[in-house]
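A quick write-up on the structure given underneath.
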Amino acid sequence: MEGNSIQNKNAVKDFFQSVKNAVGGELKEYVDMLNKSREISKNRMIAQATEMGADAIIGVGYSSTAIWEGVAETVVYGTAVKFK
């Protein structure tokens, strides 16, 4: 099972994040973007498992990577199982 999501940065928010990056601190807009992407990916994986009639998903893992500048992909994966 897997679910994925691709998100891109907002140009206006990106400008303000670059200013914050110059002075230091957490880049909250990017954290929010990745959290949203993880949530979308997780929900897609759960929907796929539900369609298959699975009772649970085990061995769940998350992966995130930059596809190109300003665009990130988040993948959530696991094994769908059915209880006897």
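Hydrogens, waters and symmetry mates play no part in the numbers below; they use all other heavy atoms, side chains included. This one's a predicted model, so the numbers in the text were calculated from it and none came from an experiment.
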Walk me through it: do Val75 and Glu73 pass the test side chain to side chain contact (heavy atoms under 4.5 Å, CB included)?
CA-CA 7 Å; Val75 177; Glu73 177 184 33; 3.8 Å; yes

Between Glu39 and Lys36, is the closest basic N to carboxylate O distance under 4.0 Å?
no

Could you tell me whether a side-chain N or O of Ser41 sits under 3.5 Å from a main-chain N or O of Ser37, the two making a donor and an acceptor?
yes

Show the nearest heavy-atom pair for residues Tyr62 and Arg38, with the distance to one decimal.
CD2-CD, 3.5 Å

For the hydrophobic clusters of this structure (ILVMFWY residues joined by side-chain heavy atoms under 4.5 Å, transitively), does one cluster hold both Met52 and Ile46?
yes

Minimum heavy-atom distance Val76-Val60, with the two atoms named
CG1-CG1, 3.9 Å

Let me confirm one number: the CE-OG distance from Met45 to Ser5, rounded to the nearest 0.5 Å.
13.5 Å

Is there side-chain contact between Thr74 and Ser63, with heavy atoms separated by less than 4.5 Å?
no

Asp55 side, atom CG; Lys82 side, atom NZ - distance, nearest 0.5 Å:
4.0 Å

Roughly how far apart are Ile57 CD1 and Thr50 OG1, rounded to 0.5 Å?
7.0 Å

